[in-house]
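Per chain, numbering begins at 1; letters A, B, ... match sequence-line order.
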Protein chains: 2
Amino acid sequence: MKISGRPTTEGSRGIKQKKEKLKNFLKEKGFKSTRQRDLIASEFLEMGEHVTAEELYREISKKYTDIGYTTVYRTLKLLNQSGLAAERVFADNLTRYEPLSAEDHHDHLICMKCGSITEFQDLRIERLQERVADEFGFVAVSHKMELYGYCRKCKDNA
Amino acid sequence: MKISGRPTTEGSRGIKQKKEKLKNFLKEKGFKSTRQRDLIASEFLEMGEHVTAEELYREISKKYTDIGYTTVYRTLKLLNQSGLAAERVFADNLTRYEPLSAEDHHDHLICMKCGSITEFQDLRIERLQERVADEFGFVAVSHKMELYGYCRKCKDNA
DNA sequence: AAGGAAATTGAAATTCATTTTCAATTAGAC
DNA sequence: GTCTAATTGAAAATGAATTTCAATTTCCTT
Ligand SMILES: [Mn+2]
Ligand SMILES: [Mn+2]
Ligand SMILES: [Zn+2]
Ligand SMILES: [Zn+2]
């Protein structure tokens with residue numbers, strides 16, 4: 001097991017690379033690069049993890065009053081399609097997005113009191129999952145694994 | 001790993017026991033036993049696995065035209081509270097219910113083509129999950145693990 | 001066996017995130 | 001610059017989940 005030591009805000013190097021990747025994706029697909037998409041992608045990549053469209057929209061609205069909710073929503077879908085963002089739905093049934101690099105896969109520990117989200121990666125579990133699938137003749141494409149409970153802070157003063 | 005060899009329809013013995021348990025639960029909580037709750041519980045326990053409120057309602061409507069959707073919905077919530085049903089939300093974001101015995105825990109393989117759901121139980125994975133939680137000082141209360149992909153039937157003629 | 005308080009029911013209305021619609025605007029190829 | 005197709009943002013639509021409310025039913029008390 002390994003902590004996904006991801007920095008809360010990515011270095012601006014990583015962001016630039018990713019915005020480049022987005023541009024390529026758009027061009028490939030015959031989509032257009034727009035001021036809105038650029039600003040939304042920047043804000044998203046800077047904000048970091050597990051944000052809802054609504055949260056990202058509110059943040060962006062502070063700086064740019066002319067960007068609509070719908071465009072934020074649609075841009076997150078695009079970021080997801082391009083592989084730059086992962087879509088996650090936890091127990092509260094809200095769709096959240098987080099920046100994602102090509103290789104990086106991880107799962108989540110979710111605190112039922114404070115809502116904090118911790119990421120982890122465990123290769124042994126991943127291997128066992130693959131074996132379970134095999135035994136059923138099942139070809140696994142993706143999985144979802146979330147542990148719900150109380151984080152270090154919350155379990156004490158619960 | 002072990003297949004959860006659960007029969008599609010429970011023996012009527014198990015159903016009677018469970019309906020007894022529901023009655024006790026209702027009495028404990030100061031709730032009332034009604035014709036509707038009784039019929040909905042029976043139908044649910046007979047139908048078996050992973051049904052939505054809508055599906056269960058449609059089935060019940062065939063026999064009893066006077067039972068409303070709302071009551072089905074509310075009764076499923078009650079069955080969940082009483083521990084007789086588990087609430088599940090898979091990738092399609094619909095809330096499903098399945099009969100559940102106290103001890104029985106399992107996770108799911110979900111076919112992205114035909115929608116079939118296979119149940120499995122893997123103690124090695126469960127133990128590793130507990131270890132992951134421990135390493136983060138996290139107290140795990142429950143978890144969700146779903147493998148998405150293609151079942152034996154679908155992977156071939158995909 | 002009534003009586004009556006409290007819970008339940010079912011239809012309809014509401015909520016709320018998400019998704020679609022559409023007329024006006026914009027990007028970018030030529 | 002011109003033109004076409006894509007994009008935008010406000011508003012409307014969607015759809016499952018939940019709440020409301022008046023009528024009905026349960027079941028505890030007499
Ligand atoms: Mn994450
Ligand atoms: Mn199941
Ligand atoms: Zn916490
Ligand atoms: Zn299948």
May I ask you to decide whether [X] forms a salt bridge with [Y], counting only side-chain N to carboxylate O separations under 4.0 Å?
X: Glu87(A); Y: Arg96(A); result: no
X: Arg35(B); Y: Asp66(B); result: yes
X: Glu20(B); Y: Lys16(B); result: no
X: Lys144(A); Y: Glu146(A); result: yes
X: Glu43(B); Y: Lys63(B); result: yes

Lys23(B), NZ atom: more than 12 neighbouring heavy atoms under 6.0 Å: no
Tyr64(A) side, atom OH; Ile40(A) side, atom CD1 - distance, nearest 0.5 Å: 10.5 Å
First and last nucleotide of DNA chain C, 5' to 3', lying under 4.0 Å from heavy atoms of chain B: dA6(C) to dA12(C)
Lys32(A) side chain, from C-beta outward: closest of dA17(D), dT20(D), dA6(D): dA6(D)
Nearest-Å distance for atom pair CG/C1', residues Leu26(A) and dT7(D): 12 Å
Separation of dA6(D) P from Arg37(A) CZ (nearest whole Å): 11 Å
Ring centroid separation Phe120(B) to His108(B) under 6.0 Å: no
ring-ring contact (aromatic ring centres under 6.0 Å, His included) evaluation trace for His143(B) with His105(B): CA-CA 10 Å; His143(B) 70 252; His105(B) 164 78; 4.7 Å; yes
Ser82(A) side chain to Lys21(A) side chain, donor-acceptor N/O pair below 3.5 angstrom: no
Residue met sooner reading DNA chain D from 5', once Ser33(A) and Arg74(B) are mapped to nucleotides: Ser33(A)
Residue whose closest nucleotide on DNA chain D lies nearer the 5' end, Phe31(B) versus Tyr69(B): Tyr69(B)
Sugar-phosphate only, base, or nothing, as touched by Lys77(A) at under 4.0 Å among non-hydrogen atoms: sugar-phosphate
Taking only N/O atoms, report every protein-nucleotides 11-15 of chain D pair under 3.5 Å with atom names and distance.
none

Positions of residues 52-66 of chain B (non-hydrogen atom under 4.0 Å from DNA chain D), listed by number: none
CA sep, side-chain torsions, deciding dist, call: Glu119(B), Phe136(A), side chain to side chain contact (heavy atoms under 4.5 Å, CB included): CA-CA 10 Å; Glu119(B) 304 182 337; Phe136(A) 285 94; over 6 Å; no
